[in-house]
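I have placed the structure first, in the form of structure tokens, so that the comments after it can refer back to it.
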Amino acid sequence: MHPAGLAAAAGTPRLPSKRRVPVSQPGMADPHQLFDDTSSSQSRGYGAARAPGGLGYPAASVSPQPTFLADPVSNMAMVYGSSLAAQGKELVDKNIDRFIPVTKLKYYFAVDTMYVGKKLGLLVFPYLHQDWEVQYQQDNPVAPRFDVNAPDLYIPAMAFITYILVAGLALGTQDRFSPDLLGLQASSALAWLTVEVLAILLSLYLVTVNTDLTTIDLVAFLGYKYVGMIGGVLMGLLFGKIGYYLVLGWCCVSIFVFMIRTLRLKILAEAAAEGVPVRGARNQLRMYLTMAVAAAQPLLMYWLTFHLVR
């Protein structure tokens, strides 16, 4: 090596070498980048705009709904469709009310816990109750939860279901349970209730009684006997025949008194208004009809439960 060159190398500090990094072309990716950047419009290769989130997905297309609603023909079609829907709903409501009085049924299920407790006590102990008049407000009876004398369908419906369950329990304890026998028990109870209602309606028509007693009222009053039937069967399961006859006998007398004092205000409206019995053949027929309806309840209570206790 040349001496001048050695001297220059010994007297001058060595600078670090610089590596030239090639400048990336516009169409080339960074050599240190692991993945290609697809967020730019050049690398995607299509002209869709980037979404606001910056994830590289194309933005959602604008919904044409405002334009569709701005169309007068579309607005007219929507108004016409709404009117057709309203007319159809009104037609359905009229047909439903014609066959199933939904509005009236709401009245019979307007109960609360206090009413149910008082009503059950009245069905079991009707002897000390004095005022049996149904309260009215503007010529309409008040809801059952405000008047213990008002008929309801909640207690009869729940009592009927409970009676079927208790009957299944009684049959199961005697090793006689079967779905067919339980279905026969339920259908026979409904059949007897239907026969009672039809017989009373026919009797009221023949006697020509002017009363506000409706078919739903009859179903409610006749359905109260299931409460005593439940008590009789349960006591029969716990204490045998003696408990069954004692409790069922008490409930039979109670339902008889309850039906007499309730129906006389419905069927014997003329006599109840004057406070004294009105003499006459028609009034005697009304009295006999009331007694017959009340006397039929204990008989049916025994007929539908005696075979469940052994």
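When only modelled atom types and interatomic distance are considered, Tyr108 and Asp217 share a side-chain donor-acceptor pair under 3.5 Å. Residues His307 and Gln174 bring no donor and acceptor atom of their side chains to less than 3.5 Å of each other.
Closest non-hydrogen pair, Ala150 versus Tyr107, comes out as CB-OH, 3.7 Å. For Pro144 against Ala110, the heavy-atom pair with the smallest separation is CD-O, 3.5 Å. For Leu263 against Thr290, the heavy-atom pair with the smallest separation is CB-CG2, 3.9 Å. Contact detail for Ile164 and Leu182: the closest heavy-atom pair is O-CD1, 3.4 Å. When every heavy atom of Ala189 is checked against every heavy atom of Tyr163, the shortest pair comes out as CB-CE2, 4.1 Å. What you find for Met259 and Ala294 is that their closest heavy atoms are CB-CB, 3.8 Å.
Two residues are said to be in side-chain contact when any heavy atoms from C-beta on lie closer than 4.5 Å; Met291 and Phe256 meet this criterion. In this structure the side chain of Pro151 reaches within 4.5 angstrom of the side chain of Phe221, judged on heavy atoms. The side-chain heavy atoms of Trp132 and Thr262, taken from C-beta on, include a pair separated by under 4.5 Å. By the 4.5 Å heavy-atom criterion applied to side chains, His129 and Val148 are counted as neighbours. Gln137 places none of its side-chain heavy atoms less than 4.5 Å from the side chain of Asn140.
Cluster annotation: Phe177 is connected to Val233 through the hydrophobic network of ILVMFWY side chains, with a link wherever side-chain heavy atoms come within less than 4.5 Å. Clustering ILVMFWY residues whenever any of their side-chain heavy atoms sit less than 4.5 angstrom apart, transitively, puts Ile255 in a cluster other than the one holding Ile260. Met158 and Leu190 fall within a single hydrophobic cluster, where Ile, Leu, Val, Met, Phe, Trp and Tyr side chains are chained together by heavy-atom contacts under 4.5 Å. Both Leu120 and Leu122 belong to a common hydrophobic cluster when Ile, Leu, Val, Met, Phe, Trp and Tyr are linked at side-chain heavy-atom distances under 4.5 angstrom. Connection of Phe109 to Val134 is not established within any shared hydrophobic cluster, with ILVMFWY side chains joined at heavy-atom distances below 4.5 Å, either directly or through further cluster members.
The CD1 atom of Ile267 lies 11.5 Å from the CG atom of Leu285; values are rounded to the nearest 0.5 Å. To the nearest 0.5 Å, atom CE of residue Met229 and atom SG of residue Cys252 are 9.5 Å apart. Considering NZ of Lys241 and CG of Leu246, their distance stands at 13.0 Å, rounded to 0.5 Å. With values rounded to the nearest 0.5 angstrom, Thr173 atom OG1 is found 10.5 Å from Arg310 atom CZ. Rounded to the nearest 0.5 angstrom, Leu169 CG and Leu234 CG are separated by 7.5 Å. Atom CG of Leu193 is separated from atom CG of Leu198 by 9.5 Å, given to the nearest 0.5 angstrom.
Paired with Val111 under the rule side chain to side chain contact (heavy atoms under 4.5 Å, CB included), one option of Ile155, Leu153, Asp152 passes, and it is Asp152. Checked options Tyr245, Tyr244, Tyr127; the residue passing with Trp250 is Tyr127 (criterion: ring-ring contact (aromatic ring centres under 6.0 Å, His included)).
For Phe258 and Tyr224, the ring centers sit closer than 6.0 Å to each other.
The main-chain N or O of Lys266 is found under 3.5 Å from a side-chain atom of Thr211 such that the two form a donor-acceptor pair. A donor-acceptor distance shorter than 3.5 angstrom exists from the side chain of Arg261 to the backbone of Pro126, with no hydrogens or angles considered. Judged purely by atom type and a 3.5 angstrom limit, Gln185 has no side-chain atom pairing as donor or acceptor with the backbone of Leu181.
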Inset, instruction - With side-chain contact (heavy atoms from CB on, under 4.5 Å) as the test, would you mind laying out the steps for Met301 and Cys251 before giving the verdict? - result: CA-CA 9 Å; Met301 291 171 65; Cys251 293; 4.0 Å; yes
Inset, instruction - Under the side-chain contact (heavy atoms from CB on, under 4.5 Å) rule, what do Glu196 and Leu300 come out as? Steps first, then yes or no, please. - result: CA-CA 10 Å; Glu196 282 186 281; Leu300 289 173; 3.1 Å; yes
Inset, instruction - Kindly determine whether Leu304 and Trp192 satisfy side-chain contact (heavy atoms from CB on, under 4.5 Å), including the steps that lead there. - result: CA-CA 9 Å; Leu304 294 173; Trp192 278 110; 3.9 Å; yes
Legend entry - Pair Val309-Thr305, side-chain contact (heavy atoms from CB on, under 4.5 Å): steps then yes or no: CA-CA 7 Å; Val309 179; Thr305 57; over 6 Å; no
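By the 6.0 Å contact criterion, OH on Tyr136 is enclosed, its count of non-hydrogen atoms from other residues, nucleotides or ligands being greater than 12. For Leu128, the CG atom is loosely surrounded, since the number of other residues' heavy atoms within 6.0 Å does not exceed 12. Atom CG of Leu202 sits in a crowded spot, with more than 12 heavy atoms from other residues, nucleotides or ligands closer than 6.0 Å. Within a 6.0 Å radius of CZ in Phe160, other residues, nucleotides and ligands contribute more than 12 heavy atoms. Shown here is Lys118, whose NZ atom has no more than 12 heavy atoms of other residues, nucleotides or ligands within 6.0 Å.
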